[in-house]
Engineer: 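Before we start, here is the structure in question, set down as structure tokens.
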There are 2 protein chains.
Amino acid sequence: MIDAERKFREYLSEKGLRFTSERLAILLHVMSLHEHFAVDDLHHQLRQKGLSISHATVFRTLALLIDCGIVQKLPCEKMPARYEHIFGHVHHDHMFCLRCGRIIEFHNAPIERWQQKVAEEHRFQMTGHHLIIRGYCEKCH
Amino acid sequence: MIDAERKFREYLSEKGLRFTSERLAILLHVMSLHEHFAVDDLHHQLRQKGLSISHATVFRTLALLIDCGIVQKLPCEKMPARYEHIFGHVHHDHMFCLRCGRIIEFHNAPIERWQQKVAEEHRFQMTGHHLIIRGYCEKCH
DNA sequence: GTTGCAATTGAAAACGAATATCAATAGTAT
DNA sequence: ATACTATTGATATTCGTTTTCAATTGCAAC
């Protein structure tokens, strides 16, 4: 059993929810993806694997995975929404290319620290943040 | 004529678009608001002023004002989308209270500088950014 | 001013992502 | 095994936003 599965089982158990085969299949597939994805991507890929999991269940399960901290919704304002698994990864932010749609991940410790400081100054209890830098990637200027 | 109107007229003229009474009314009202607003707020307030401007026109005009740099869409993921005028204001980011929905504005120069630096490191041409800090405000922890 | 053309408008219909409904199914605790 | 209740899939619905299209109105040329 992978760590993410253990974490998901614990989360569901604590909330009195059930660990179903659909939820396991979605979790495992999400953890196997190393790119961000839309709900439809995920749905199609699961069907190609021979699993018939409904659209509604994919949405419902993603909401649980987000609440549980295994997945995050990307802050870029494109529709449909994009997701990625974050469990087992260090925190990172994103740059979004307005021309080709490429998403570049980055991590910057000073920015993280200053955010914490700004929150404290406003007596604001920070639980998370989203930083997205928009512009044009190396190939697209 | 206020500066924003001059800027909007120039923008429309350059694009071969027309400066209509509806567009002027929306621009002036948006500039008079000192809070973020949803499309429906704007639409209602315009109607209360006795102006019968359609929903569609409000949406269409906001898109122009955003493209022109007078208005921005806020990056908090609440529906419906929130907007604010930015023309004549210094750049700022937002904290969003998950409990009461309050939006706190802030500006932090070091964060801005580090963002620029990160973009340069990735040879990324930054045109803008959105930073939103989520959590609980002073009243809500 | 008048004219002509294309941009703009309003009302309504269409769109699309996401959510709710509900009967059938399947975990889970006993 | 049983009973209870969460979950599922199919479908319908919601709701913010966008498109359609005929009527209107800027605006530039005359």
Engineer: Can you spot which of A/M95, A/R102, A/H141 makes a side chain to side chain contact (heavy atoms under 4.5 Å, CB included) with A/Y136?
Structural biologist: A/H141

Engineer: Over how many whole Å does the gap from A/D40 atom CG to C/dA18 atom P extend?
Structural biologist: 9 Å

Engineer: Looking at D/dT25, I'd like to know if its phosphate oxygens (OP1 or OP2) sit under 4.0 Å from a side-chain N or O belonging to B/R18.
Structural biologist: no

Engineer: Which label fits A/F59 and A/H55: parallel for a plane angle under 30°, tilted from 30 to 60°, or perpendicular past 60°?
Structural biologist: parallel

Engineer: Would you verify whether the NZ or CZ of A/R9 falls within 45 degrees of the ring axis of A/F19 while also being under 6.0 Å from that six-membered ring's centre?
Structural biologist: yes

Engineer: Taking for each residue the nucleotide of DNA chain D with the nearest heavy atom, is it B/R9 or B/V39 whose nucleotide lies nearer the 5' end?
Structural biologist: B/V39

Engineer: For the side chain of A/F59, starting at C-beta, report the closest nucleotide among D/dT17, D/dT19, C/dA17.
Structural biologist: C/dA17

Engineer: To the nearest angstrom, how far is A/I66 atom CD1 from C/dA18 atom C1'?
Structural biologist: 12 Å

Engineer: Atom CG of B/L17 to atom C1' of D/dT25: distance rounded to whole Å?
Structural biologist: 15 Å

Engineer: Tell me the interatomic distance from B/R60, atom CZ, to C/dA7, atom P, rounded to whole angstroms.
Structural biologist: 14 Å

Engineer: Quick one: is B/S52 getting a side-chain N or O under 4.0 Å of the C/dG10 phosphate, OP1 or OP2?
Structural biologist: no

Engineer: Once you measure the plane-to-plane angle for A/H92 and A/H94, does it fall in the parallel (<30°), tilted (30-60°) or perpendicular (>60°) bin?
Structural biologist: perpendicular

Engineer: For D/dG9, does OP1 or OP2 lie under 4.0 Å from any side-chain N or O of A/T57?
Structural biologist: yes

Engineer: Tell me the interatomic distance from B/M79, atom CE, to D/dC15, atom C1', rounded to whole angstroms.
Structural biologist: 7 Å

Engineer: To the nearest Å, give me how far apart CZ (A/R47) and P (D/dG9) are.
Structural biologist: 8 Å

Engineer: Take atom CD of B/E22 and atom P of C/dG10, then tell me their distance rounded to the nearest Å.
Structural biologist: 5 Å

Engineer: Whole Å only: how far is the CG atom of B/L51 from the C1' atom of C/dT9?
Structural biologist: 14 Å

Engineer: Is it the case that B/H91 and B/E112 place a side-chain donor and acceptor less than 3.5 Å from each other?
Structural biologist: yes

Engineer: Reckon A/T20 has a side-chain N or O less than 4.0 Å from the OP1 or OP2 of D/dT8?
Structural biologist: yes

